[in-house]
Each structure stands twice: as C-alpha cells, then as structure tokens.
Amino acid sequence: MSEALKYVKVEKNNDGIAWVYMNRPEKRNAMSPALHEEMDATLAHLETDPDTKVVVITGAGGNFSAGQDLKEFFRANEGNPAARKRAQQTANRWRWERLYNYDKPTIAMIQGYCVGGAFMQLLAVDFVVTAEDATYSLSEVNWGILPGALVAKVVADSVLPRHALYYACLGEPFDGNEAVRVGMANIAVPKDKLVAETEKLAQKLMLKSPAVLRATKQAVRHVRNMDFGQAYDYLAAKGAEIKANDPEQSYKTGLSQFIDNKSYKPVYGAFKLGTLLTDQSKK
Ligand code: COA
C-alpha cells in the first residue's frame with residue numbers, strides 16, 4: 001500500500017500469511033473512524049495482493065478490540081450526520097461485506113478483549129482461533145444501545161437462539177472455551193500457543209487450491225439461505241464454474257494424482273498444487 005498506516009499494522013514474512021493488526025493498543029484497539037478507513041483500504045489491497053494467500057485479523061498489544069470507539073465513533077459524530085454516515089458505511093464495509101465475501105481465507109486470532117462491535121469481524125471471517133482466557137462481551141446492553149450495525153444479526157445467525165439471547169441480554173463476559181462451545185470460535189488454545197496454532201491453520205489452508213477454496217467458502221455461506229432446489233442448481237453451476245476457471249485444474253489434477261499416480265488420498269490431504277496434468281487425464 002502506498003499511504004502510511006497509523007491505526008493498522010500489516011506484517012508479512014514471505015510465507016503467504018498477512019497479519020493485520022488493529023493498532024491502537026493504548027485504547028484496547030477500540031475502532032475509531034480513522035481505524036475503519038485504514039482497515040477497509042488494507043483489506044481491499046490484500047485481497048488482490050499476489051503475495052497474500054491467507055489473511056489473519058488480530059489486534060496489537062494483547063487485545064483483539066474493545067469494539068467501536070465510544071468517544072470518536074459515537075459521541076464525536078453525534079452532531080455530524082455526514083461524518084457519522086461515512087464512518088458507519090466504512091465500518092460496515094470492511095467488517096461485513098468485505099470480509100464475508102473475501103476471496104481469500106480469513107482467520108481471526110483473538111486474545112484479550114473482544115467486545116461489542118468487534119463481533120462483526122469476529123463472525124465475518126472464515127475461522128477463529130482464540131486464547132482460552134480471552135474475554136468476550138456483547139456489552140451494548142450495559143450502556144444503553146442495541147448490538148447494532150449487524151452485530152445482533154450475525155450473532156443470531158451463528159449460535160443457538162438461547163446463547164444469542166443470553167449473551168446479548170446480559171452482556172456477561174465469557175472466555176475462549178465458551179466461545180468455542182457456543183460456536184463463535186473454532187479452536188481455543190493456551191495463549192502461548194495462539195500464534196503457532198493460527199499459523200498451523202493458515203498453512204493447512206494454503207495447501208488447498210485457492211480457486212476451490214474460494215468457491216467452497218462462497219457455497220457454504222450462500223446455500224444457508226437457499227431452498228433445496230436453488231441449492232442444487234447453484235452448486236451445479238458453481239461446480240461448472242470452478243472446472244472452467246480453476247488455473248490448477250484441480251478436478252482433473254486431483255483425480256489423476258489419485259487414480260493414475262496413486263500419489264495421495266483425498267481423505268487425508270490435498271492433491272499437490274502446482275503439478276501438471278498427466279497425459280492420461282487429458283484424454
Ligand atoms: N471506546 C473508547 N475508548 C475506549 C474503549 C472504547 N470502546 N475501550 C477502551 N477505551 C479506552 C479507555 O477509555 C482508556 O482510555 P484512557 O487511557 O484515555 O483513559 C483506554 O482505552 C484503556 O481502557 P481501560 O478501560 O483503562 O482498560 P481496561 O483494560 O481496564 O479495560 C475494557 C478494558 C475493554 C474492559 C474497558 O475499557 C471497557 O469496558 N471498554 C468499553 C468496551 C465496550 O463496551 N465496547 C463496546 C463498543 S460497541
């Protein structure tokens with residue numbers, strides 16, 4: 001990216017993983033309008049960055065995020081509808097539209113506080129790895145607002161209604177193990193294993209065909225809102241699209257590696273990326 005970043009930090013180690021930090025540690029990474037602008041631009045850039053295969057969203061200084069900045073996002077914009085609208089649009093764009101539809105796999109790595117508005121990006125990404133002792137809270141009820149933007153919606157869509165009502169209505173904090181139990185996170189680990197576990201998941205994802213992974217993400221997300229007839233049709237069309245547009249030619253290459261070369265078993269891992277089709281499979 002050309003512009004210097006102040007409230008977002010990006011780290012890349014030439015291994016395909018981009019670590020994106022919300023970077024206001026002194027404010028527990030509370031999300032100001034300026035941080036939203038930088039996150040939006042950063043994610044847009046990384047989505048087409050050829051060196052980035054997986055994006056990890058996390059927070060600097062040992063916390064994920066204390067949610068929207070109550071001073072800069074809410075109070076400062078009270079008398080300024082134009083600024084408020086712009087901040088809301090930008091905040092929603094990266095935390096939902098962008099991440100939910102992201103072309104590349106995304107992981108949230110959670111430690112410390114994950115509060116209120118931060119549940120949007122928590123539930124928009126594909127996977128969540130959390131520290132067992134992280135502290136989650138839908139705190140909105142405690143200071144007089146709803147879990148707004150899409151927070152109530154994405155929580156209600158992600159967990160059983162009883163859990164959604166309990167945590168939204170009480171605002172009680174819960175830890176990483178509970179986040180896994182209710183379905184908000186995939187894996188809870190001791191804090192000292194958090195980075196390694198996140199990296200391990202990213203490495204596993206990078207062994208898959210990017211085109212097939214992208215289509216699979218989209219399919220799993222979109223079929224949730226379809227009836228069976230629509231899902232049959234959509235999945236057939238999506239399957240045809242992958243075969244037509246996948247640079248890895250995953251279907252033929254995978255079949256060939258299993259049937260002709262006997263070089264792998266799909267149950268236990270992905271076919272080898274970057275390999276050419278054998279002559280038999282082209283027939
Ligand atoms: N908005 C604005 N500022 C925030 C903030 C938020 N959401 N969360 C933390 N901060 C600021 C504090 O005001 C404080 O600023 P100061 O140093 O200028 O006084 C600084 O960040 C550190 O916060 P502090 O409360 O001292 O840290 P803590 O570790 O003791 O507590 C929290 C952390 C997250 C428990 C506590 O800050 C909190 O409850 N924040 C509100 C979270 C919330 O309800 N967010 C929902 C928004 S949708």
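Whatever order the structure lists ligands and atoms in, that order sets their numbers, starting from 1.
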Colleague: Among protein heavy atoms, which sits nearest to atom 10 (N) of ligand 1, and what does the distance come to when rounded to 0.1 Å?
Modeller: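 Here the nearest protein heavy atom works out to Lys27 O, 3.9 Å.
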Colleague: Taking both backbone and side-chain atoms of Gly116, is any N or O found less than 3.5 Å from an N or O belonging to ligand 1?
Modeller: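 N/O-N/O distance below 3.5 Å does not exist for this pair.
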Colleague: Atom 35 (C) of ligand 1: protein heavy atom closer than 4.0 Å?
Modeller: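 Neighbour list for atom 35 (C) of ligand 1 includes protein heavy atoms (cut-off 4.0 Å).
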Colleague: Would you say atom 21 (O) of ligand 1 has a protein heavy atom nearer than 4.0 Å?
Modeller: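 Protein heavy atom within 4.0 Å of atom 21 (O) of ligand 1: present.
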Colleague: Give a yes or no on whether atom 14 (C) of ligand 1 lies under 4.0 Å from any heavy atom of the protein.
Modeller: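 When distances to the protein are checked, atom 14 (C) of ligand 1 has no heavy atom within 4.0 Å.
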Colleague: Would you check, one step at a time, whether the test side chain to side chain contact (heavy atoms under 4.5 Å, CB included) holds for Trp19 with Lys12?
Modeller: CA-CA 6 Å; Trp19 301 80; Lys12 294 199 280 184; over 6 Å; no
Colleague: Which heavy atom of the protein is the closest neighbour of atom 5 (C) of ligand 1, given with residue, atom name and distance?
Modeller: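 Nearest neighbour among protein heavy atoms for atom 5 (C) of ligand 1, to 0.1 Å: Ala30 CB, 3.8 Å.
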Colleague: Any chance the side chains of Glu178 and Tyr167 put a donor and an acceptor closer than 3.5 Å?
Modeller: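 Judged by distance alone, the side chains do pair up.
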Colleague: For the residue pair Asn92 / Arg95, report whether a side-chain donor-acceptor contact shorter than 3.5 Å exists.
Modeller: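 Indeed, the side chains of Arg95 and Asn92 share at least one donor-acceptor pair under 3.5 Å.
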Colleague: Would you mind checking which non-hydrogen protein atom is closest to atom 31 (O) of ligand 1, with the distance to 0.1 Å?
Modeller: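 So the nearest neighbour among protein heavy atoms is Tyr113 CE1, 4.2 Å.
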Colleague: Check ligand 1 against Val115 and write out every atom of the ligand that is under 4.0 Å from a heavy-atom position of the residue.
Modeller: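 In order of numbering, the contacting atoms are 42 (C), 43 (C), 44 (O), 45 (N), 46 (C).
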Colleague: Do you know the tightest heavy-atom contact between Phe119 and Val154?
Modeller: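 Heavy atoms only, the tightest pair is O-CG2, 4.1 Å.
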Colleague: Atom 44 (O) of ligand 1: which protein heavy atom is closest, and how many Å away?
Modeller: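 The closest one turns out to be Ser139 OG, 2.6 Å.
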Colleague: Is there a heavy atom in Glu72 that sits closer than 4.0 Å to ligand 1?
Modeller: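 Judged by the 4.0 Å heavy-atom criterion, Glu72 does not count as contacting ligand 1.
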